[in-house]
Amino acid sequence: MISGLNMANIDEYIINALKEDISSEDITTNAIIKENDILGQAQLICKEDGILAGIEVFKRVFEKIGQVNFKSNFKDGDKIKKGDVIGILIGCVKSILIGERTALNYLQRMSGIATYTNSFVKELEGTKTKLLDTRKTTPNMRIFEKYAVKVGGGYNHRYNLSDGILIKDNHIGAAGGIKKAILLAKEDASFVRKIEVEVENLEMLEEAIEAGADIIMLDNMSLQTMKKAVKIVNKRALTECSGNVSKDNLKEISKTGVDYISCGALTHSAPILDFSLKNLIII
């Protein structure tokens, strides 16, 4: 394990990312650096304030390329500031140049998500409501992006379609109603699985409670309706708010009494946190 990420699971992604960036060779580096044994040193520098996430993934990129050592001055979850030297790379200059962009892409994306998530989490300080991510992730980046949400102080919703039962509007339509959908899910699923149902109004809510839903997702409801919904549920199920969530309305949503708020923006709209690999010298 590396900082909560399974090494065996991430290596394949990293190798594919490197293949995407190098189809045959780095023609620029090979033209400038003729020998394979030239050693160098470079600094990883932070260019914005934020929360660090993905430093072990950054390191792992160079481990897969080989002949480079990375010493970090910070760990995931640390607050970092513009100008901080996050770490030092020492090793084969060719390897440093080959891995630079792929390693930075992971670090910038993951740190950006952690930083953005943390700004949302701060809005919920002092409340009992927890912030969740969604499956609205970049293809082939979910394992990294959901990890970054946790580093930023958020919580993970289901990882994928095999991870939890969530009956949404199209499932309800296909089944012929909420009660039928829940019944079918209960008949097919293991008894240890909780069943979550998405509802859009109070009538659907009542039906979901009566059918025995464990978690009820209040989808795109007004604050007033959501407050009524939580009161109707009366702790007979967990409640989750989804839809039209922003940093500006988090506090007001939490006042409705919902247990969870899910927000796709944590992964699909987070800006990167900028880093650079600078001051490369031959040693």
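Residues take their numbers from the sequence shown, with the count starting at 1.
Residues in residues 80-98 take part in these side chain to side chain donor-acceptor pair (under 3.5 Å) pairs, two or more places apart or across chains: N30-K94, N36-K94. Residues in residues 18-31 take part in no salt bridge (Lys or Arg N to Asp or Glu O under 4.0 Å) pair, two or more places apart or across chains.
For S276, the side chain to side chain contact (heavy atoms under 4.5 Å, CB included) test picks out K47, K278, with sequence neighbours left out. With sequence neighbours excluded, the residues that form a salt bridge (charged side-chain N to carboxylate O under 4.0 Å, His left out) with E252 are K255. Remark: A270 pairs with R109, I113, Y116 by the side chain to side chain contact (heavy atoms under 4.5 Å, CB included) rule, at least two apart or across chains. With sequence neighbours excluded, the residues forming a salt bridge (charged side-chain N to carboxylate O under 4.0 Å, His left out) with K168 are E198, listed by chain and number. K179 pairs by the salt bridge (charged side-chain N to carboxylate O under 4.0 Å, His left out) definition with E210, not counting sequence neighbours. Partners of T137 by side chain to side chain contact (heavy atoms under 4.5 Å, CB included), not counting sequence neighbours, listed by chain and number: R142, E145, T267. Every residue was checked against the salt bridge (charged side-chain N to carboxylate O under 4.0 Å, His left out) condition with K79, not counting sequence neighbours, and none meets it. For E203, the side chain to side chain contact (heavy atoms under 4.5 Å, CB included) criterion is met by N201, not counting sequence neighbours.
Residue I167 holds its CD1 atom at 7.0 Å from CD1 of I165, rounded to the nearest 0.5 Å. Distance check, rounded to the nearest 0.5 Å: CZ of F74 to CG of L44 gives 10.0 Å. Interatomic distance, OG1 of T115 versus CD1 of I51, reported as 5.5 Å (0.5 Å rounding). Here N9 contributes atom CG and Y147 contributes atom OH; the two are 14.0 Å apart, rounded to the nearest 0.5 Å. Atom OG in S254 sits 14.5 Å away from atom NZ in K130 (nearest 0.5 Å). Annotation: the span from M204 atom CE to I216 atom CD1 amounts to 10.5 Å, rounded to 0.5 Å.
For E48 against I272, the heavy-atom pair with the smallest separation is OE2-O, 3.7 Å. Residue L280 comes nearest to A42 through the heavy atom pair CD1-CB, 4.0 Å, listed as atom of the first residue, atom of the second, then distance. Considering every non-hydrogen atom in both I182 and I195, the closest pair reads O-CD1, 4.3 Å. Nearest approach of A175 to L184, heavy atoms of both residues: CB-CD1, 4.2 Å. When all heavy atoms of T134 and G264 are compared, the pair lying nearest together is OG1-CA, 3.4 Å. Counting all heavy atoms, side chain and backbone alike, G257 lies closest to V230 at O-CG1, 3.8 Å.
When side chains are defined from C-beta on, I209 counts as touching V233, because their heavy atoms get closer than 4.5 Å. L166 has its side chain out of reach of V197: every pair of non-hydrogen atoms, C-beta onward, lies at least 4.5 Å apart. Side-chain contact between L124 and K251: absent, with no pair of heavy atoms (C-beta onward) separated by less than 4.5 Å. In this structure, the side chains of V258 and M226 come closer than 4.5 Å at one or more pairs of heavy atoms. Side-chain atoms of N156 and K150, non-hydrogen and from C-beta on, do get closer than 4.5 Å to each other. Proximity of V199 to M217: side-chain heavy atoms (C-beta onward) are nowhere separated by under 4.5 Å. Side chains of I96 and F70 form no contact here, defined as non-hydrogen atoms less than 4.5 Å apart. In this structure, the side chains of L18 and V61 come closer than 4.5 Å at one or more pairs of heavy atoms.
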Verdict with supporting geometry, I45 and I86, side chain to side chain contact (heavy atoms under 4.5 Å, CB included) | CA-CA 6 Å; I45 299 174; I86 304 303; over 6 Å; no
Go through the steps to decide whether R60 and I14 satisfy the test side chain to side chain contact (heavy atoms under 4.5 Å, CB included), and finish with yes or no.
-> CA-CA 8 Å; R60 189 63 175 166; I14 290 173; 3.6 Å; yes
Which is it for I281 and I283 under the side chain to side chain contact (heavy atoms under 4.5 Å, CB included) test, yes or no, and what are the steps along the way?
-> CA-CA 6 Å; I281 59 172; I283 57 175; 4.2 Å; yes
Report the C-alpha separation of L277 and Q43 in whole Å, then their side-chain angles, then the decisive distance to 0.1 Å, and conclude whether the side chain to side chain contact (heavy atoms under 4.5 Å, CB included) test is met.
-> CA-CA 6 Å; L277 209 56; Q43 294 178 321; over 6 Å; no
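Within a 6.0 Å radius of CG in N69, no more than 12 heavy atoms belonging to other residues, nucleotides or ligands are found.
The closest donor-acceptor contact from the side chain of R135 to the backbone of N160 lies at 3.5 Å or more, if one exists at all. No side-chain donor-acceptor contact under 3.5 Å links T225 to the backbone of M221. A donor-acceptor contact shorter than 3.5 Å is absent between the side chain of E196 and the backbone of D214. Under a 3.5 Å cut-off, the side chain of D188 and the backbone N or O of A185 do not form any donor-acceptor pair. Checking side-chain atoms of T239 against main-chain N and O of D259 turns up a donor-acceptor pair under 3.5 Å. Here the side chain of R101 pairs no donor or acceptor atom with the backbone of L97 at under 3.5 angstrom. A donor-acceptor pair is defined here as one N or O able to donate and one able to accept, closer than 3.5 Å; no such pair exists between the side chain of S72 and the backbone of G87. Between the N140 side chain and the N16 main chain, no donor and acceptor come within less than 3.5 Å of each other. Checking side-chain atoms of T256 against main-chain N and O of I253 turns up a donor-acceptor pair under 3.5 Å. Listed for the D163 side chain is no donor-acceptor partner under 3.5 Å among the backbone atoms of R158.
Chaining together hydrophobic side chains whose heavy atoms lie under 4.5 Å apart places I215 alongside L132, Y155, L238, Y260. The hydrophobic cluster containing V192, built from Ile/Leu/Val/Met/Phe/Trp/Tyr side-chain heavy atoms closer than 4.5 Å, also comprises F191.
No path of Ile, Leu, Val, Met, Phe, Trp and Tyr side chains, each step under 4.5 Å between heavy atoms, connects V85 with L273, placing them in separate hydrophobic clusters. Linking Ile, Leu, Val, Met, Phe, Trp and Tyr whenever their side-chain heavy atoms come within less than 4.5 Å puts F120 and L223 in one cluster. Placement of I22 and V57 within a single hydrophobic cluster is found when ILVMFWY residues are connected by side-chain heavy-atom separations under 4.5 Å, directly or transitively. In the hydrophobic cluster analysis, where Ile, Leu, Val, Met, Phe, Trp and Tyr join through side-chain heavy atoms closer than 4.5 angstrom, M110 is grouped apart from I15. Residues I27 and I32 do not share a hydrophobic cluster, defined by chaining ILVMFWY side chains whose heavy atoms lie under 4.5 Å apart.
Comment: K64 engages D11 in a salt bridge, judged by a side-chain N to carboxylate O separation of less than 4.0 angstrom.
Ring pair F144/Y106 is tilted by interplanar angle, where 30° to 60° counts as tilted.
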